[in-house]
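These notes are about the structure you will find just below.
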Amino acid sequence: MTYKYFPHTSSDLQAMMEKSGVKSLDDLYAQIPESIRYRGDYNIPSEMSEQEVREVFAKLGSQNQELTCFAGFGVYDHYTPSVIPSLLQRSEFLTSYTPYQAEISQGTLHYIFEYQSMMTELTGMDISNASMYDGSTATAEAMLMSVAAGKKANKVLVSAGMNPKTREVLDTYALHQDIELVTIPLKDGATDLSALTSQLSTLEGVAGVMVQQPNVYGIVEDFSGFADACHEKKALFIVNSVAADLAVLKTPREWDADIAVGDGQSLGIPMLFGGPYVGYMCCTEKLIRKMPGRIVGMTKDNRGQRAFVLTLQAREQHIRRQKATSNICSNQSLMALFVTMYLSLLGKKGMREAAQLSYAGAHYLCDELVKTGKFHLAYDKPFFNEFYVKYDGDVDALYQRFIQEGFLGGVKFDGGLLFAVTEKRTKEEIDNLVKIAAL
């Protein structure tokens, strides 16, 4: 064999090159300029024992600076009950893949069914799938879903209050799908209903309207009249929400949304350097056949015993390429199980308590920062556990001062700072952050 760990023989490679119309492997890279090709030796260390490898990674890990987190912007430092990692790492969970063979995947299908049930209760919607990669891709899939449901409509209106990271993913998905994205402007930090109404009246072929709750500035928006305006023009109303916030905020169903999407990371999943996370998607019953991903249903077998099945979904859906409802085939079922355990452990009371602690901490921090005379709220609007302030000084210098003192002091955004507080942050931590800010 040419390469130690590759199964292809020299004859295999030759046959593939002949089929591809190239004479050598180098021909495959002919279009890459020589100036950017790396011709040196790779910095790969020699072999090590297991103990030596552990020491190398321990030294690398020691370079990380652990900070007390007051940042959010879509990812939040919530408490993870210790029992979850212990259960999640059991081999029957950790090694399971995807339940194509339903008759021998009853355990996986069971917890997916429970996940769906809990997410529909959390959002108030009729149907939940299981599940998407993260909140951004779930939002993008909702965009595609609205266009598919709208038939000839190809415009989607997106609030300027949408997290810019999510908006970038929407732009990427829309680029080659013949989808036109139109921004709905903000008024005093919240989505402008009058502007939306005007856009719906003047634009042809609007398939959907997308908003975020709370929005990128942490503002809890009032979406009264939004759904009526959308439905009058036969457009779907799509609400992106932080999952944990729905324990106390109005649900997407209460706003009469057609599709509810967002990230489930706030349901106890650690920040983990950016993933893996889990995106949720729920919708009304009439849109069930347009929903991507898989749906698990409960039935009875020929002996009258409870059984779980993949519902309204043929195996062929996953290999139809551009005709499939989604090209996200392998659902994040391990993270869906994580969320299921979290919701089961906390229950409704625990979810509300965590949300209330986060709310109280954020408002206390905001009040104390304003008292310093160096900060002011950019918008006089209600917020939950995240708020956006302007700083009367050098934001970059303040941010670095926070880091030097062991704090991740918010997120620098749009010339200001976006602070987030979760139930993990103590009064002492908040007071120390304020003291640093007041210097």
Side-chain angles (χ1 to χ4, degrees), residues 84 87-88 90-133 137-138 141-142 144-145 148-149 236 243 246 251-253 257-262 264 267 278-321 323-348 351:
I84 296 179
L87 291 174
L88 200 72
R90 287 177 60 95
S91 61
E92 61 267 40
F93 294 139
L94 200 60
T95 61
S96 63
Y97 176 54
T98 192
Y100 285 140
Q101 294 176 279
E103 63 277 6
I104 60 171
S105 302
Q106 288 297 294
T108 300
L109 291 172
H110 187 179
Y111 74 66
I112 290 177
F113 178 83
E114 299 297 345
Y115 164 84
Q116 292 173 176
S117 301
M118 293 178 185
M119 292 311 299
T120 54
E121 187 167 358
L122 190 64
T123 61
M125 305 300 288
D126 300 327
I127 307 294
S128 169
N129 72 0
S131 49
M132 318 305 284
Y133 288 140
T137 52
E141 292 285 342
L144 299 179
M145 186 175 165
L236 298 183
L246 296 177
T251 65
R253 168 49 65 86
D258 300 286
I259 305 174
V261 291
L267 299 176
V278 59
Y280 71 86
M281 174 182 280
C282 303
C283 68
T284 57
E285 187 174 357
K286 67 180 181 181
L287 292 172
I288 186 170
R289 291 189 179 275
K290 299 294 183 182
M291 175 180 271
R294 59 172 48 85
I295 299 168
V296 175
M298 185 173 68
T299 185
K300 291 184 178 180
D301 62 17
N302 57 8
R303 292 173 294 177
Q305 296 178 321
R306 185 176 65 167
F308 298 94
V309 296
L310 290 178
T311 303
L312 296 178
Q313 189 173 52
R315 170 67 183 89
E316 289 74 20
Q317 174 173 316
H318 302 292
I319 56 175
R320 295 181 67 200
R321 298 186 181 180
K323 292 183 179 179
T325 57
S326 172
N327 285 307
I328 294 182
C329 301
S330 302
N331 75 83
Q332 302 284 74
S333 64
L334 187 68
M335 305 317 294
L337 174 60
F338 192 116
V339 167
T340 305
M341 291 179 179
Y342 179 85
L343 291 171
S344 300
L345 288 164
L346 267 69
K348 294 180 179 180
M351 288 285 294

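Positions are given from 1, in the same order as the sequence printed here.
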Discussion item. Quick check for you: to the nearest 0.5 Å, what is the distance between Leu334 atom CG and Leu94 atom CG?
Written reply: 6.0 Å
Worksheet entry | Flag, side chain of Thr95 to backbone of Glu92, donor-acceptor distance under 3.5 Å | no
Item to complete: Kindly indicate whether the side chain of Val296, heavy atoms from C-beta on, has any atom under 4.5 Å from the side chain of Val309.
Response: no
Worksheet, complete the sentence: Between the OG1 atom in Thr120 and the CE atom in Met118, the distance rounded to the nearest 0.5 Å is 10.0 Å
Worksheet item: When you look at CD of Glu285, are more than 12 heavy atoms from neighbouring residues, nucleotides or ligands closer to it than 6.0 Å?
Response: no
Worksheet item: Roughly how far, to the nearest 0.5 Å, is the CD1 atom of Ile259 from the CE atom of Met145?
Response: 4.0 Å
Discussion item. Within this structure, what is the CD-OH distance for the pair Glu141 and Tyr133, rounded to the nearest 0.5 Å?
Written reply: 9.5 Å
Practice prompt. Evaluate side chain to side chain contact (heavy atoms under 4.5 Å, CB included) for Ile295 paired with Gln116, printing each intermediate quantity in order.
Written response: CA-CA 8 Å; Ile295 299 168; Gln116 292 173 176; 4.2 Å; yes
Worksheet entry | Side chain proximity check, Leu246 to Leu122, heavy atoms < 4.5 angstrom | yes
Worksheet item: At their closest point, which heavy atom of Thr284 faces which heavy atom of Ala257, and how far apart are they?
Response: CG2-O, 3.9 Å
Worksheet item: Side-chain contact, heavy-atom cut-off 4.5 Å: Leu109 with Leu310?
Response: yes
Item to complete: Look up atom CG in Leu343 and atom CE in Met119, then write down how far apart they are to the nearest 0.5 Å.
Response: 7.0 Å
Discussion item. Tell me the closest heavy-atom pair linking Leu287 and Ala149, and the distance in Å.
Written reply: CD2-CB, 4.1 Å
Worksheet item: Is Arg253 salt-bridged to Asp126, going by a charged N under 4.0 Å from an acidic O?
Response: yes
Discussion item. Less than 4.5 Å apart, side chain to side chain, heavy atoms only: is that true for Ile84 and Leu345?
Written reply: yes
Worksheet entry | Lys300 and Gln305, any side-chain heavy atoms less than 4.5 Å apart | no
Worksheet item: Taking the inter-plane angle between the rings of Phe93 and Tyr111 on a 0 to 90° scale, is it parallel (under 30°), tilted (30 to 60°) or perpendicular (over 60°)?
Response: perpendicular
Worksheet entry | Point-to-point distance, once rounded to the nearest 0.5 Å, from CD of Gln106 to CZ of Arg306 | 9.5 Å
Worksheet item: Quick one: does Tyr280's side chain have a donor or acceptor within less than 3.5 Å of a partner on Val261's backbone?
Response: yes
Worksheet item: Do Ser128 and Met281 have side-chain heavy atoms sitting under 4.5 Å apart?
Response: no
Worksheet item: Any donor-acceptor pair under 3.5 Å linking the side chain of Asn129 with the backbone of Pro292?
Response: yes
Worksheet item: If every non-hydrogen atom of Met125 is compared with every non-hydrogen atom of Asp258, which pair is closest and at what distance?
Response: CE-O, 3.4 Å
Item to complete: Quick one: closest heavy-atom pair of Gly264 and Ala243, and the distance?
Response: CA-CB, 4.1 Å
Discussion item. So which atom in Met341 and which in Leu87 form the shortest heavy-atom distance, rounded to 0.1 Å?
Written reply: CE-CB, 3.5 Å
Item to complete: Determine, step by step, whether Leu88 and Leu337 satisfy the side chain to side chain contact (heavy atoms under 4.5 Å, CB included) criterion, reporting the C-alpha distance in whole Å, the side-chain angles of both residues, the deciding distance to 0.1 Å, and the verdict.
Response: CA-CA 8 Å; Leu88 200 72; Leu337 174 60; 3.8 Å; yes
